[in-house]
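Notes to accompany the following structure.
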Amino acid sequence: AILNKPPLGRDAGTLAAIAHVAAAPGNIVRAHDVEAVRDALRTIEVLTGRAEVSPEYLLPDAIRHEPPAD
């Protein structure tokens, strides 16, 4: 109802809702795109200081850049 979009167009809204819920520890969410939610929660953890990325970490060249889309 918030986005007025069909189910396949609601991914951004779902991630926003999960980000809001994740602000308070101890919540449980159910999602279909588990990988996207895991990525969003990991990003939130780092941005809020609940987790960190090692300063020694180097992004592998294989995933550093993507070829342009056709």
Side-chain angles (χ1 to χ4, degrees):
I2 293 171
L3 299 177
N4 192 29
K5 292 185 174 186
L8 293 177
R10 298 180 193 157
D11 290 343
T14 298
L15 291 175
I18 289 170
H20 177 74
V21 170
N27 290 305
I28 297 172
V29 297
R30 179 178 179 269
H32 295 282
D33 190 346
V34 175
E35 184 176 0
V37 170
R38 185 177 32 242
D39 289 349
L41 292 175
R42 173 71 178 142
T43 302
I44 291 165
E45 288 176 349
V46 171
L47 293 175
T48 59
R50 290 186 275 187
E52 62 181 49
V53 177
S54 170
E56 315 286 310
Y57 179 77
L58 295 174
L59 192 64
D61 286 336
I63 62 172
R64 184 178 297 272
H65 303 286
E66 290 188 39
D70 290 334

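These numbers come from a predicted model, not from an experiment. Hydrogens, waters and symmetry mates are skipped; everything else that's a heavy atom, side chains included, is used.
- In this structure, R10 and K5 approach most closely via the heavy-atom pair NE-O, 2.8 Å.
- Rounding to the nearest 0.5 Å gives a distance of 11.0 Å between NE2 of H20 and CD1 of I44.
- Counted within 6.0 Å of CG on N27, heavy atoms from surrounding residues, nucleotides or ligands total more than 12; the atom is thus considered enclosed.
- Nearest approach of L15 to A36, heavy atoms of both residues: CD2-O, 3.8 Å.
- With hydrophobic clusters built from ILVMFWY side chains whose heavy atoms lie under 4.5 angstrom apart, V46 does not share a cluster with L41.
- Side-chain contact check for R42 versus V53: some heavy-atom pair is nearer than 4.5 Å.
- The number of heavy atoms from other shown groups lying within 6.0 Å of CZ (R64) is above 12.
- In this structure, I2 places its CD1 atom where only 12 or fewer heavy-atom neighbours from other residues, nucleotides or ligands lie under 6.0 Å away.
- From T14, atom OG1 reaches atom CZ of R30 across 11.5 Å, with rounding to the nearest 0.5 Å.
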